[in-house]
Visitor: 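Handing you a structure now.
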Amino acid sequence: MDLGTYGYPKQGGKRTEPYYDVPEGVDITGRYDEEFAKILTKDALKFVAELQREFRNHIRYALECRKEAKRRYNEGALPGFDPATRYIREGEWLCAPVPPALADRKVEITGPVERKMVINALNSGAKVFMADFEDALSPSWENLMRGQVNLKDAVAGTITFNDKARNKVYKLNDQTAKLFVRPRGWHLPEAHIFIDGEPATGCLVDFGLYFYHNHAPFRRTQGAGFGPFFYLPKMEHSREAKIWNNVFERAEKMVGIERGSIRATVLIETLPAVFQMNEILYELRDHSVGLNCGRWDYIFSYVKTFQAHPDRLLPDRVLVGMTQHFMKSYSDLLIRTCHRHGVHAMGGMAAQIPIRDDPAANEAALELVRKDKLREVKAGHDGTWAAHPGLIPACMEVFNNNMGNAANQIKTAKRNDAENITEEDLLQVPRGVRTMDGLRLNTRVGIQYVAAWLTGSGSVPLYNLMEDAATAEISRVQNWQWIKYGVELDGDGLGVRVSKELFGRVVEEEMARIESEVGKDKFKKGMYKEACKIFKRQCTAPTLDDFLTLDAYNYIVIHHPKGSAKL
């Protein structure tokens, strides 16, 4: 087969059945499946293709602007507030009123769009479930399309899962969490769907297929006349929010629902975006339901933004918490910005997993969660995130105890004291030491996450934390920066400097440790060696790749000849 970029087969040739019924200009190279065909209908694909054709040039321009900003930062510039949009930051304006169905968002659970996960999360007792096509999902064709099937069944209320191993059938309770969906970021292609000869934009595929099939039943059953609801990731500038707003308006018009029906929360998870929070809300003001502190990606973005600034190196990642001045400033300013404009300010992720075989360690982990959530609610956050259903009661108790019967703190926690937060506050270098243990943890976690991702899992339990792509990204970029600048591991008192040679030895030792932890059999069957190659190459590359997942995506793209329905 003649392969092009990303291993895409060149188009053309005779078709054999079965094959998806596609509109003109659309081609699918993913495996044919009867269930997937109910999602990939001709009309749904036409809907996605129209969005792609209308917005692809706007998306390209936004991604070029990201490159230009990166060039400026690499030449020594710092991100900051844009003088040209001061009128937006200082103006008195409100976002559209929060829909009644979304007033109370005290605890939200997140997870991939796997069938059992979807049922358990909707039944978890959380107020919201964010079903993830992004960092918690490995974006294989199977995962993405099964995810669409699962969400369609969930919105219809018919989703079930028969766990034969446990002899248990899972189904939805009468009361379920409100469903939000997070599509992929602007930068990720969908390599199994071609529109006019080029790969589709991943987020338009995720959004378009879900919206097309579910807008009507969702508004009827979940949204009380509003919806569907979304989370929007990885934005760096308000021009990207403007594209999303235009996508929403176009989608609403195409299916004939009221403007402002779709609602979305934007994750502030890149350093440049913290300076654009007012502008992002302003662009989405008819469709916004707030901002969220995507804190792990935010740390990743801090390192990436300052990759060429040796005076801004981070300490061990376990030391970069919300009490660091730059992180506290980001959270406080987000709360003030959201409440000033009448929408929710959502807190960050509690990534802990219940430790079932050690009650004392489990209680200590829960106490850390409670402290983190108490800090959030007292700061003025309206809700928070949890990665595991076992954390929901503890998180809910903290928010209920401190908010009483109020659904949110939008009108009560104005945080006017945060209006004086400066660019310097938001950029302050975090304090702390760098250690060999930090280098080892980055390496061990990074390799294990990539191995899981390559074998189809994007949400991975490691060392009693639920990790997604953001953790692997922090591990990768921090290792890269430490190697590039030969930093001293000043927390060990030995004066050791990080080098490629030292890193090579650490990789070998950590691979041996991984093998002993997971067992020889799992190590042999898993893709640990491939993951190690990818992670090591990324950490030692002369130039830093923007995203680990862009490189790794090549390894999970599988093109099927038309008519091949078998796995």
Side-chain angles (χ1 to χ4, degrees), residues 61-91 93 95 185-187 232-245 264-285 288 290-309 311-312 314 320 322 324-341 343 345-346 348 379-380 415-430 477 546:
Y61 176 69
L63 294 177
E64 282 302 314
C65 289
R66 284 187 185 181
K67 285 182 188 166
E68 174 57 24
K70 180 171 86 169
R71 184 190 62 73
R72 287 199 313 274
Y73 303 145
N74 284 349
E75 288 175 0
L78 303 178
F81 297 108
D82 184 352
T85 49
R86 176 177 287 187
Y87 72 99
I88 293 174
R89 290 193 298 281
E90 294 180 357
W93 51 270
C95 294
W186 289 123
H187 59 285
L232 305 177
K234 302 283 186 293
M235 276 192 223
E236 296 189 14
H237 194 277
S238 61
R239 72 173 67 85
E240 299 171 27
K242 186 173 187 172
I243 301 171
W244 269 121
N245 196 69
T265 298
V266 172
L267 289 127
I268 299 300
E269 54 185 355
T270 69
L271 189 64
V274 81
F275 299 100
Q276 290 266 313
M277 290 193 289
N278 286 279
E279 293 87 338
I280 285 167
L281 285 179
Y282 186 77
E283 293 295 354
L284 279 160
R285 60 195 179 277
S288 177
L291 305 174
N292 168 289
C293 282
R295 58 197 191 187
W296 307 124
D297 265 304
Y298 191 75
I299 297 166
F300 156 49
S301 177
Y302 187 96
V303 180
K304 187 164 78 167
T305 303
F306 293 131
Q307 59 184 272
H309 296 239
D311 57 330
R312 290 181 177 274
L314 258 61
V320 188
M322 294 308 294
Q324 291 273 9
H325 185 76
F326 85 111
M327 296 294 280
K328 182 180 182 301
S329 301
Y330 143 67
S331 164
D332 289 347
L333 187 59
L334 183 143
I335 294 163
R336 179 183 189 266
T337 305
C338 288
H339 290 179
R340 191 163 160 247
H341 302 305
V343 286
M346 302 303 296
R415 290 305 306 270
N416 290 329
D417 57 308
E419 74 176 315
N420 296 319
I421 287 172
T422 63
E423 291 173 351
E424 289 73 22
D425 291 317
L426 294 161
L427 298 176
Q428 190 188 93
V429 182
V477 296
D546 286 340

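This structure is a prediction, so every number in the text was calculated from the model and none was measured.
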Visitor: Could you go step by step and tell me if H187 and D546 meet the side chain to side chain donor-acceptor pair (under 3.5 Å) rule?
Guide: CA-CA 10 Å; H187 59 285; D546 286 340; over 6 Å; no

Visitor: Any salt bridge linking R295 with E269? Criterion: basic side-chain nitrogen under 4.0 Å from a carboxylate oxygen.
Guide: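 Looking at R295 and E269, the cut-off is not met.
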
Visitor: Between R72 and E75, does at least one N-O distance fall below 4.0 Å, as a salt bridge requires?
Guide: no

Visitor: Looking at D425 and N420, what are the two nearest heavy atoms and their distance?
Guide: OD2-O, 4.1 Å

Visitor: So, do Y73 and F306 have ring centers that fall under 6.0 Å from each other?
Guide: no

Visitor: Please determine whether a side-chain nitrogen of the Lys or Arg among R89 and E279 lies less than 4.0 Å from a carboxylate oxygen of the Asp or Glu.
Guide: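 A salt bridge links R89 with E279.
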
Visitor: Do the side chains of L427 and P79 get nearer than 4.5 Å, heavy atoms only?
Guide: yes

Visitor: Quick one: salt bridge (charged side-chain N to carboxylate O under 4.0 Å, His left out) partners of R86, sequence neighbours excluded?
Guide: E90

Visitor: Got W186 and K234 here, is their nearest side-chain heavy-atom distance under 4.5 Å?
Guide: no

Visitor: Would you tell me whether E236 and T270 have side-chain atoms, one donor and one acceptor, within less than 3.5 Å of each other?
Guide: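 Note: E236 and T270 side chains miss the donor-acceptor criterion.
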
Visitor: Could you tell me which residues satisfy salt bridge (charged side-chain N to carboxylate O under 4.0 Å, His left out) with R415, sequence neighbours excluded, listed by chain and number?
Guide: D332, D417

Visitor: Indicate the atoms forming the closest heavy-atom contact of V274 with F81, along with that distance.
Guide: O-CE2, 4.4 Å

